[in-house]
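Working notes for the structure below.
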There are 2 protein chains.
Amino acid sequence: MIPPDTHLQIGSLLFEGLDQIDLTGPFEILARIPNSTYRIYAATPDPVRDVRGLRILPDATLAEAPRLDVLHVPGGQGQEALMRDPAVLGWIRQQAAGATHILSVCTGALILGAAGLLVGRRATTYWNAVHLLPFFGAEPVDARVVIDRDGEERSWVFAAGVTAGIDGALQLAAELRGEEAARGIQLGMQYAPEPPFDSGTPRTAPPAIVEATRARAADLTARREATARAIAAELGIRTPEPVPAR
Amino acid sequence: MIPPDTHLQIGSLLFEGLDQIDLTGPFEILARIPNSTYRIYAATPDPVRDVRGLRILPDATLAEAPRLDVLHVPGGQGQEALMRDPAVLGWIRQQAAGATHILSVCTGALILGAAGLLVGRRATTYWNAVHLLPFFGAEPVDARVVIDRDGEERSWVFAAGVTAGIDGALQLAAELRGEEAARGIQLGMQYAPEPPFDSGTPRTAPPAIVEATRARAADLTARREATARAIAAELGIRTPEPVPAR
């Protein structure tokens with residue numbers, strides 16, 4: 001927990017083709033952290049379009065961001081382009097170096113990987129991308145939220161796919177401001193989920209649905225793997241044997 | 001379930017001061033309903049600011065909306081102003097009359113109430129507003145998602161507060177396109193929630209946190225009740241005795 005009288009600068013990265021709830025799920029929590037300033041940052045001031053067309057406006061550009069205490073990196077298909085964007089990767093590296101807490105959601109973890117920030121870390125990401133983590137030197141952990149710490153200095157909160165960002169952000173809220181503050185935010189957003197079906201993971205969903213989802217994403221998954229291999233080579237990480245996606 | 005070859009027009013209402021996840025939670029699902037067009041509608045084409053400052057752009061204005069099959073009404077503090085906005089209430093009434101499915105999230109139910117659409121219905125809303133439902137002629141039901149049907153003609157899906165919109169939208173997806181489609185969407189968004197605390201309802205949160213939350217919202221709750229009483233009078237609903245908030 002950070003001293004309550006320390007004002008926190010919290011920032012989310014917004015980029016074209018993100019999966020909007022990777023941002024807007026944590027938004028609901030990050031925007032309510034006591035004694036903090038929360039802003040959404042993007043490369044330009046223009047509206048950004050999520051993978052399904054939701055248009056969100058950033059609050060400021062990357063260049064305008066102060067040193068952030070908390071950096072939030074969402075994922076989504078647009079992560080592919082970002083993994084080849086030296087300006088954004090440089091910004092992430094610089095902000096992560098100054099931050100005490102980093103939250104990645106879904107394939108946001110792959111962006112951190114492309115920035116060289118996952119080497120030696122325990123991490124997680126979207127279920128259909130978790131086999132790519134070793135290309136970035138990370139050890140995949142089978143959990144909805146994984147917290148990896150650089151001693152006392154810095155904590156990395158990795159949330160699995162998409163809606164896992166809500167659970168990850170609540171854990172982050174507790175890390176930042178204590179459990180009572182996090183519980184208050186949870187009550188305010190009436191977060192007592194009751195999914196009508198038990199199909200949120202490849203272990204629980206009917207196998208035919210899992211296979212259909214994998215098949216639909218096959219091209220994207222192949223592109224992600226090609227990018228991951230290229231980055232592994234650049235980072236000097238011994239390319240792991242292909243692991244079958246779980 | 002609607003015949004799979006029937007193309008669906010799905011629309012969400014966007015308004016100033018909404019609670020963004022009332023919109024963006026269901027967005028994740030509504031934007032993935034097979035054979036449908038999904039758009040976000042607002043009074044003007046300008047960006048709309050959520051209660052904590054997230055700026056979202058609508059896809060089109062209310063006047064440009066076609067007859068919708070599915071109407072989604074989010075909530076949030078901005079619902080107060082909308083309850084006194086005859087143009088928006090008229091639009092909601094007209095769209096609801098033509099729709100087969102209406103989804104309300106959080107205090108979106110109060111907006112439907114102000115439009116006179118809750119009389120005689122079983123409904124739910126945000127936990128700290130559920131005592132206001134009788135002012136609109138509705139019977140409050142203590143459930144996260146309540147489905148009320150006009151025979152075969154029309155279904156009303158009421159989701160409780162804020163994040164309940166995700167559960168409500170998944171139930172709606174199953175109503176529209178069957179359980180398999182809904183399960184596929186659930187897997188895609190890895191919706192297997194694991195809240196780190198059990199504080200999402202006033203029954204499970206520590207009493208001190210519940211009281212603090214109520215106290216912080218006391219002015220808003222009082223304004224909402226005054227508006228509800230005035231609308232009850234206009235609708236000719238016998239004003240119920242004040243019920244203590246649960």
Side-chain angles (χ1 to χ4, degrees), chain A residues 19-21 23-25 27-28 31-32 38-40 47 50 52-59 106 126-127 144-145 160-164 166-167 170-171 174 179-180 182-202 204-206 208-210 212-213 217, chain B residues 19-21 23-25 27-28 31-32 38-40 47 50 52-59 106 126-127 144-145 160-164 166-167 170-171 174 179-180 182-202 204-206 208-210 212-213 217:
Chain A
D19 194 327
Q20 60 88 18
I21 209 170
L23 178 88
T24 58
F27 180 100
E28 200 68 11
R32 289 165 174 86
Y38 175 48
R39 295 262 184 282
I40 295 174
D50 114 302
R52 288 288 169 156
L54 183 71
R55 288 184 300 160
I56 299 174
L57 277 159
D59 298 311
C106 198
Y126 184 51
W127 63 266
R144 191 158 173 87
V145 177
V162 201
T163 54
I166 299 172
D167 299 316
L170 277 172
Q171 288 207 31
E179 186 176 313
E180 193 177 323
R183 284 177 177 270
I185 294 171
Q186 184 182 2
L187 178 63
M189 60 197 282
Q190 201 162 347
Y191 186 51
E194 294 181 15
F197 313 107
D198 188 9
S199 289
T201 74
T204 56
I209 291 177
V210 178
T213 305
Chain B
D19 193 327
Q20 61 88 20
I21 209 170
L23 177 89
T24 58
F27 180 99
E28 200 68 11
R32 289 167 175 85
Y38 174 48
R39 295 263 184 280
I40 295 175
D50 114 301
R52 288 288 169 156
L54 183 71
R55 288 184 300 161
I56 298 174
L57 277 159
D59 298 311
C106 198
Y126 183 51
W127 63 265
R144 190 155 173 88
V145 177
V162 200
T163 53
I166 299 172
D167 299 316
L170 277 171
Q171 288 207 31
E179 185 176 315
E180 194 178 324
R183 283 177 178 268
I185 293 171
Q186 185 183 2
L187 179 63
M189 61 197 281
Q190 201 164 346
Y191 186 51
E194 294 181 18
F197 313 107
D198 187 9
S199 289
T201 73
T204 56
I209 291 176
V210 178
T213 305

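Residue numbering restarts at 1 for every chain, and letters A, B, ... go by the order of the sequence lines. Just the heavy atoms: all of them, side chains too, but no hydrogens, waters or symmetry mates, feed the values below. The structure presented is a predicted model; accordingly, all values stated were derived computationally and were not measured.
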Verify whether the ring centers belonging to A/Tyr38 and A/Phe27 lie closer than 6.0 Å.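 Close enough - the centres of the two rings lie under 6.0 Å apart.
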Looking at chain B, which one of [options] has the largest number of heavy-atom pairs inside 4.5 Å, strictly under?
{"options": "A/Ala160, A/Pro206, A/Ser199", "result": "A/Ser199"}
{"options": "A/Thr204, A/Thr24, A/Leu170, A/Ile185", "result": "A/Thr24"}
{"options": "A/Gln20, A/Gln171, A/Arg39", "result": "A/Gln20"}
{"options": "A/Leu57, A/Asp167, A/Val162, A/Leu187", "result": "A/Leu187"}
{"options": "A/Ile166, A/Thr201, A/Leu54, A/Ile56", "result": "A/Leu54"}

Any salt bridge linking B/Asp59 with A/Arg52? Criterion: basic side-chain nitrogen under 4.0 Å from a carboxylate oxygen.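 No, this pair does not count.
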Taking the side chain as C-beta and beyond, is there a heavy-atom pair between A/Trp127 and A/Thr213 under 4.5 Å?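 Touching, per the 4.5 Å side-chain cut-off.
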Tell me, side chain or backbone of [X] under 4.5 Å from chain B's heavy atoms, or both, or neither?
{"X": "A/Tyr126", "result": "both"}
{"X": "A/Ala31", "result": "both"}
{"X": "A/Asp198", "result": "backbone"}

For each of B/Arg32, B/Met189, B/Arg183, tally heavy-atom pairs with chain A at distances under 4.5 Å, and name the one with the top tally.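 Top option by heavy-atom pairs under 4.5 Å: B/Arg183.
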Pairs of heavy atoms under 4.5 Å with chain A: top-ranked of B/Ala205, B/Pro195, B/Gly184: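 The residue among B/Ala205, B/Pro195, B/Gly184 with the greatest pair count is B/Pro195.
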What part of B/Ile21 is in contact with chain A, defined as an atom under 4.5 angstrom from a non-hydrogen atom: side chain, backbone, both or neither?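 It is both, since atoms from each part get that close.
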Before giving the answer on side-chain contact (heavy atoms from CB on, under 4.5 Å), spell out for A/Thr163 and B/Gln186 the whole-Å C-alpha distance, their side-chain angles and the decisive distance to 0.1 Å. CA-CA 10 Å; A/Thr163 54; B/Gln186 185 183 2; over 6 Å; no
